[in-house]
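Letters go in sequence order (proteins before strands), and every chain restarts at 1. No experiment lies behind these values; they were computed from the predicted model shown.
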2 protein chains.
Amino acid sequence: MEENKDVTIYDIAEKLNLATSTISRALQDHHTISKKTIKKVKETAEKMGYVPNTLAAGLRGNKTKTIGVLIPTITQPFLSSLISGIEIAAQKSGYTVIIMQSHDSYKEEVNMAKALYSNRVSGVISSLAMETRDTSHFDQFISNNIPLVFVDRVPKNFNTFRVIIDNYAAGYKATKHLIDQGCTRIAHLTAGSEFGNLYNERKRGYLEALNDHNIPVDEDLIIYLNAVTYEEGVKASNKLFDLNPIPDGVFASGDIIAVSAVQTAKKRGFKVPEDIAVIGFNNDPISQIIDPNISTITHPAEKMGKASADIILKNLKSDKKDDVKEITFLNTEVIIRESSNKLNNKLP
Amino acid sequence: MEENKDVTIYDIAEKLNLATSTISRALQDHHTISKKTIKKVKETAEKMGYVPNTLAAGLRGNKTKTIGVLIPTITQPFLSSLISGIEIAAQKSGYTVIIMQSHDSYKEEVNMAKALYSNRVSGVISSLAMETRDTSHFDQFISNNIPLVFVDRVPKNFNTFRVIIDNYAAGYKATKHLIDQGCTRIAHLTAGSEFGNLYNERKRGYLEALNDHNIPVDEDLIIYLNAVTYEEGVKASNKLFDLNPIPDGVFASGDIIAVSAVQTAKKRGFKVPEDIAVIGFNNDPISQIIDPNISTITHPAEKMGKASADIILKNLKSDKKDDVKEITFLNTEVIIRESSNKLNNKLP
DNA sequence: TTTATATTTGCAATCGGTTGCGTAAAAGTA
DNA sequence: TACTTTTACGCAACCGATTGCAAATATAAA
C-alpha cells in the first residue's frame, strides 16, 4: 500500500533549492518574487502534484475561505435555491460552503453554530429554526468579528446584517390583488406560532389591505397551520370549505399551501378561480406546473443567497468593520396566473 | 474594538497548572487521565468558553471529520434529499459536510475535486456531472486513501464504492407495469447523450420488457430530451401526440417529464390514463400532488445518501482498507397512482 | 569605483491541537 | 520495607503554510 505522502511546499523548496517562504510567496504571486521564479515554482508545483493544504493556511491565518450556512433544511425549494445562490457567489471568490441543517430544532442549531465556529468559518449565513427563540448562540460570531448574515427568517433584535423581503408589503400586495379581482371574503392561511416575523408580517399586510379597502376582518377566515406542509394545507383548506358561505379568495402564505387549497377546492367541487381565487407565496416550481397555474409572490431565493454571500465577502475584503449592519430588502412581485384570474385577463 | 482572542488549550493548561497534553487528552476522555482531572478540565473549558479549533486538530492528524459532496446541483429534489440523508448520517457521527455544485460542468467538477482535496476532506461522495467523460480527477482520493463513493450517476470503470439503484430493473418494472395495464404502444422519454449509465440502463429495461412481452420496438416512440426539464418534456410530449395513432402508454425517465406528458396530454384533449397511461421516475413530491397523481418509481434519495455516508464512515473507522469496493443496490418500487391506473384498481 | 536603491530570497517564529515516549506518584504485592 | 505494577501527567516534536524582518544580490546613480 503506497502511503502517498502529500507534496508540500517543503518538497518544492528542496527540489528548487529555494526557501519555503519563497515558494509560498511565488504561489500567491507575491510582488517581491521575480516572474522567473514564480513561473519556475508554479511549474514544478504542478509537475509534482502539489495541492495546497487549506488547513495549514487557515490555521496560521485563522481564516479559512469558508462560508458556513446554517438553515432549517435544504429540501425546500426556497432554501435549496438560496444555497445555490450562496454557493455560486462563494465559488466565484474561491470560497467554500459548509452546510448544516438545523431541522428547525433549536438544540441542533446551537450545536451547529458551535461546530461552524469550531471550523473557523470566515462568515456565517443563517435562517433561523422555527423553534428558535433565543439567538445568543450567534453572539460568538459577532464577538469574534466573523460576519454574520441572517436571511429570510431573521431575529428581530440582533444587530447584524439581514437579507429579507418586505413580507408586510408582499402580504399587502397579494391581498390587494385578490381584492382587485373582486374578492370580498378573503381567507388567509398562515403558519402558527413563530418567532421570526415573516408570517406575521405577511398577515399584517393582509390585515392592512383589508382595512384599507373597508373589508371587515373575519377571524374565522384566518387559519393557522401547525406546519407548512401539503397535509396541513389540506386540513386547513377543508376548514375553509366547511364554512357557509365559503370565502371567495385565499391568500396562502406558501405555494405548497396554495396548491393544497386549489386541489381541495377542486375535490370539493369548487371552481378555481371562479368560486374561489387563490394566491400563494414563493413562486416554487410547482406553482407554474399545477393546473390551474397558481398566482404567487416571488421570493427571490437565489438573489437572496447571492446578496448574503456578497455581504460576507465584501466585509471580509475590507477590514473596516462596518458598524452599520444594514438590512437588505429584495423586491417581490405578484405573478398573476390562472388561480386568481377572476377577471379573465390575458396572461402572458 | 475587543480583539477577542480565542481560548486555547494553552489557556486552560495555564489556569489549571497542567500540561496542554493533559488538557487535550482530558477533552477526549482519554483513559490515561483520571476522572477528576477530566471533569475539572471540561468544566473550566466550558467556563472559559473554549471552542476547539478544528483546523489545528485536522492539520496534525491530516484528517478533518469532513465529508465532501460533489454533485451537479442541489436544487433537484432527488439531490437535495440525497444531501439531506448524507448530512443527517454525518452529523450523527460528528462529521461536517462540505457541498460543491458542478452545475453539470466537467471543468467545474475538476476544480472542485481539487478544492475538496485541498480541504483535506475525510471522504468524498459524488454524483457525476452530465458532461463528465474522464474521471481521473478522482484518482487523487484513491491514491491518498480517502474513501470515495459514487452515487446515482456513477462511472462505469472506476474501482470504488458505488451506491445506486438497479436502473435496468426499475426501467423494466415501469414498462412491465404499463404492459400489465394493457398498453401496447408504449413510448419512452429519456435523456439524450450521457456517460453515466442510468438513463441508458432504464432504457435497456424498457426494451427488454417490451421484448419479453413480444411487443415490437418502435423507434419513433423513443424520444431523447436535451435536458431533463419541464419545457423539454413538453416538446417531447408534443412530438408524441403528433403521432397517429398516439401511444397508449408513456414511461418517462423522470417525474418532471411525466408531469409534462400528463399536462400536455390534457391540454391536447387526451385523457390520462384512459387514452394514455403515464409512469414517471423518482417519486418527486410533485408526483403525488399533480392531478391526476402520477405513478412512479421510487428513487430512495435519503437512503442513498445515508448509505453513502455510512460507507465513508465505516471505512474511516476501520483502518483496514477494504479492497473490495462493493456496489450497493438500493431497492426501488413501483408506486401505482392515477396516471397509469387503466384497470381502475383501488388505490391506497 | 563607490554609494544608494531596488529587487529577490531566506530565517525562524507562529497558528493550536495531538501524540510517542518518558517519568513521577500512587497502589499493590511479597 | 523493598519492589513491581498501574495510574497520571509532562515534554517536546510535529502537521504545512504564512509573514515580519533581515540579509544578500543585482541594478542604477554619482
Donor on one side chain, acceptor on other, [X] and [Y], under 3.5 Å:
| X | Y | answer |
| --- | --- | --- |
| B:Ser80 | B:Gln76 | no |
| A:Glu109 | A:Thr132 | yes |
| B:His103 | B:Ser105 | no |
| A:Asn111 | A:Tyr106 | no |

Reading 5' to 3' through nucleotides 9-16 of chain C, protein heavy-atom contacts under 4.0 Å coded B for base, S for sugar-phosphate only, - for none: BBB-BBBB
Could you state the atom-to-atom distance from [atom1] of [X] to [atom2] of [N] in whole Å?
| X | N | atom1 | atom2 | result |
| --- | --- | --- | --- | --- |
| B:Asn119 | D:dG16 | CG | P | 15 Å |
| A:Leu27 | D:dG16 | CG | C1' | 12 Å |
| B:Lys63 | D:dC15 | NZ | C1' | 12 Å |
| A:Gln28 | D:dT19 | CD | P | 6 Å |
| A:His31 | C:dT7 | NE2 | C1' | 10 Å |
| B:Leu16 | D:dC9 | CG | P | 11 Å |
| A:Glu14 | D:dG16 | CD | C1' | 15 Å |

Bend angle of the helix from C:dT1-D:dA30 to C:dA30-D:dT1, end axes from five pairs each (to 10°): 40°
Steps toward side-chain hydrogen bond (donor to acceptor under 3.5 Å, both in side chains) verdict (A:Tyr50, A:Asp11): CA-CA 9 Å; A:Tyr50 168 75; A:Asp11 301 326; over 6 Å; no
Euclidean distance, A:Asp152 CG relative to A:Ile125 CD1, rounded to 0.5 Å: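 Output value for this atom pair is 13.0 Å.
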Atom pair OG (B:Ser127) and CZ (B:Phe78), whose distance is rounded to the nearest 0.5 Å: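 Those atoms lie 6.5 Å apart.
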Give the table of side-chain donor-acceptor pairs shorter than 3.5 Å for residues 86-94 of chain A, with sequence neighbours excluded, one pair per line with atom names and distance.
residue	atom	partner	partner atom	Å
A:Glu87	OE1	B:Gln101	NE2	3.4
A:Glu87	OE2	B:Gln101	N	3.1

